[in-house]
Amino acid sequence: MHRFRSEFLSTLASRGYIHQVSEPEALDDLFCRERVTAYVGFDCTADSLHVGHLVSIMMLRLLERTGHRPIALIGGGTTKVGDPSGRDETRQLLSDAQIAHNKAGLLRSLSKFLDFEKGSALLLDNAEWLDELKYIPFLREVGVHFTVNRMLTFESVKLRLEREQPLTFLEFNYMIMQAYDFLQLARRYDCRLQMGGSDQWGNIINGIELARKLDGRHLFALTTPLITTASGQKMGKTASGAVWLNADRLPPFEYFQYWRNTEDADVGRFLRLFTELPLAEIERLERLQGAELNEAKKILAFEATALCHGRAEAEKAKAAAEALFEHKGDRLDGLPVVEVDRDRLAEGMPIIELFMLAGLVQSNSEARRLVRQGGARLDDRLIEDETMRIDLDRFKGGAVKLSAGKKRHVLVRPR
RNA sequence: GGAGGGGUGGCCGAGCGGUCAAAGGCAGCAGACUGUAAAUCUGCCGACGAAUGUCUACGUAGGUUCGAAUCCUACCCCCUCCA
């Protein structure tokens, strides 16, 4: 790979963020020469971002730290169209209300990592220009620069056609919308670079070409590799769903645990990508052998959690993990808390039901199995009787710890 | 337009009148081992129930039968080949 001189690109390169860059030398020169504005787009398909978005977010942070200007572009407009890439069926159309709700959630995710208050990072919504487009003028200005011939060669389109899955004309337009976004950001904010996942390369190039043809602008593309775990799992996806960034979707303790349970082979790579520790420190950590490597995992978990939820929450999660797994102290307040109506407890609640309320199991049957297989614990005592009831007397200490297996724990408190 | 094949649990996939809540694999959960890792081994793995059990489920809707995932009819959807 090209040796970069600019702080931004050389840092990205040495930390493993770069998959492809258009015109690396020219972009590097640009970064050395001036304050550069660059953007990443996020569609409003859910009300929180997840770990899969983290690589992009980290790049925006680095941009900010190295004296450039990041733009987080929320896809309030493009979400109405729906990105077909990576999907073999049409996305469900979201209502305006859902989009607004999701947008609020994304905002919460993003502002954990970027400071939009000071104005060093910009938060924009492409609905701003997409909503007011006029069909015929748009087609005449932008549509003429896209040939269907070329659009049909795109991976996202080919996939649908090959599988004979419908691709609606609405979705077919997504790539044009994204190209138009880049054009608008270039015109309005002098944005020069779009970053994104490797699957976005084609869409980004479209924007670059559009801006060149229409305005003679010189724009750039940078994509990140698809991050997978050593065993081939897509980053941020677990069996129980995405690893969300918003605390109302995933408690900080569980976020901490996600990182704490990183596979050995991923520790170094993840420290580079998902923390801001100096490289020298990371090199020292990843050299640790065997059980020693757990120290590196704890640091990874702490740093990653601190970036997302703040240091205070990270400390709490860390303390709870230590109390739980290493019997150091009894700081359990970092655990996820579930509140249960006092009245319902007063009557004596079946332990099975409590497991359901705590969200540790999906059905009564599953709770029974858990007890029968010796995986259910109440304040560290094995529950042997699945018909056991629990009443208010149990809660003299305030809260009770309910455990499913060795790793999943919840504090239950009467309300 | 013609001929054939198929739709089964989160996914893949066997079953082709009763012994079928449905083989096997993957994923998942619990246990053992360990380092809160990986690998391995054991058990579990539709719902409800303390339990005999009850209910729901094999594309959809009807039907035949004491009894249907399995047979019949109609419909919907997918795939392959020929034109």
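Throughout, protein chains are lettered first and strands after them, A, B, ... in sequence-line order, and every chain is numbered starting at 1.
OP1 and OP2 of B:G31 both lie 4.0 Å or more from every side-chain N or O belonging to A:R377. Considering only side-chain N and O atoms, A:S365 lies nowhere under 4.0 angstrom from the phosphate OP1 or OP2 of B:G46. Taking side-chain N and O atoms only, A:R408 has a distance below 4.0 Å to OP1 or OP2 of B:A30. Between A:K407 and the phosphate of B:G35, there is no side-chain N or O to OP1/OP2 separation shorter than 4.0 Å.
The nearest whole Å value for the distance from the CD1 atom in A:I383 to the P atom in B:A50 is 15 Å. Nucleotide B:C48 holds its C1' atom 19 Å from the CZ atom of A:F355, rounded to whole Å. If you measure from atom CD of A:E292 to atom P of B:A38, you get 19 Å, rounded to the nearest angstrom. Whole-Å rounding puts the A:F325 CZ to B:U34 P distance at 17 Å. With rounding to whole Å, A:Q289 atom CD is found 15 Å from B:G35 atom P. Between the NZ atom of A:K298 and the P atom of B:A37 there is a distance of 13 Å, rounded to whole Å. With rounding to whole Å, A:E326 atom CD is found 13 Å from B:G35 atom P. One interatomic measurement links the two molecules: CG of A:L300 to P of B:A37, which rounds to 15 Å at whole-angstrom precision.
Only the P atoms considered, B:G62 is 14 Å distant from B:U56, to the nearest whole Å. Across the P atoms, B:G17 and B:A32 are found 45 Å apart, a figure rounded to whole Å. A distance of about 30 Å separates the C1' atoms of B:G28 and B:U19, rounded to the whole Å. When the P atom is used for both B:A22 and B:A47, the distance is 14 Å, rounded to whole Å. Across B:G4 and B:U54, the matching P atoms stand 44 Å from one another, rounded to whole Å. Comparing the C1' positions of B:G6 and B:C58 gives a spacing of 14 Å, expressed to the nearest Å. The separation of B:C77 from B:U8, taken at their C1' atoms, amounts to 15 Å, rounded to a whole angstrom. Distance noted for atom P between B:C72 and B:G18: 15 Å (whole Å).
Base-pair partner of B:C44: B:G28 (Watson-Crick or G-U wobble, both distances under 3.5 Å). Pair assignment for B:U65 gives none, since no Watson-Crick or G-U wobble pairing has each distance under 3.5 Å. When both distances must be under 3.5 Å, the Watson-Crick or G-U wobble mate of B:G49 does not exist. Searching all strands for a Watson-Crick or G-U wobble partner of B:C81 with both distances below 3.5 Å returns B:G2. Pairing partner, B:G17: none, since no Watson-Crick or wobble contact has both distances short of 3.5 Å.
Checked against B:U36, B:G35, B:C48, the side chain of A:L293 finds its nearest nucleotide in B:G35. Nearest nucleotide to the side chain of A:L370, out of B:A51, B:C29, B:A37: B:C29. With distances taken from any side-chain atom of A:E263 to the nucleotides B:A37, B:A50, B:G35, the minimum falls on B:A37.
As judged by a 4.0 angstrom heavy-atom cut-off over every strand, A:A404 is placed among residues touching the sugar-phosphate backbone only. If you check every strand for non-hydrogen atoms under 4.0 Å, A:K406 touches sugar and phosphate atoms only. Within 4.0 Å (heavy atoms only), A:R368 reaches at least one base atom of the nucleic acid. Residue A:E386 is classed as a sugar-phosphate contact, given heavy-atom separations below 4.0 Å to backbone atoms only. Counting non-hydrogen atoms under 4.0 angstrom, A:G405 reaches the backbone sugars and phosphates but no base. Using a 4.0 Å heavy-atom criterion, one finds that A:R369 contacts the sugar-phosphate atoms exclusively.
In terms of position along RNA chain B, the nucleotide closest to A:R260 lies nearer the 5' end than the nucleotide closest to the other residue of the pair A:T387 and A:R260. Each of A:G374 and A:N294 was assigned the nucleotide of RNA chain B with the nearest heavy atom; the assignment lying further toward the 5' end belongs to A:G374.
For the residue pair A:Q194/A:Q200, the side-chain donor-acceptor check at 3.5 Å is not satisfied. Judged purely by distance below 3.5 Å, without hydrogens or angles, the side chains of A:E64 and A:S120 pair a donor atom with an acceptor atom. At a cut-off of 3.5 Å, with distance as the only test, no side-chain donor of A:D266 or A:T229 sits close to an acceptor on the other residue.
In this model, a side-chain donor or acceptor of A:Q373 finds a partner on the base of B:G43 within 3.5 Å. If you check distances only, the side chain of A:N364 never reaches the base of B:G49 with a donor-acceptor pair under 3.5 Å.
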- Task: Kindly determine whether A:T45 and A:D43 satisfy side-chain hydrogen bond (donor to acceptor under 3.5 Å, both in side chains), including the steps that lead there.
- Result: CA-CA 6 Å; A:T45 46; A:D43 272 354; over 6 Å; no
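Outside the 6.0 Å centre-distance limit, the rings of A:F4 and A:F31 are not counted as a close aromatic pair. Aromatic rings of A:F274 and A:W259 (six-membered ring for Trp) have centroids within the 6.0 Å cut-off, being under it.
For the pair A:D379 and A:K401, the salt-bridge criterion is not met [side-chain N within less than 4.0 Å of a carboxylate O].
Under a 3.5 Å cut-off, the side chain of A:S6 and the backbone N or O of A:C32 do not form any donor-acceptor pair.
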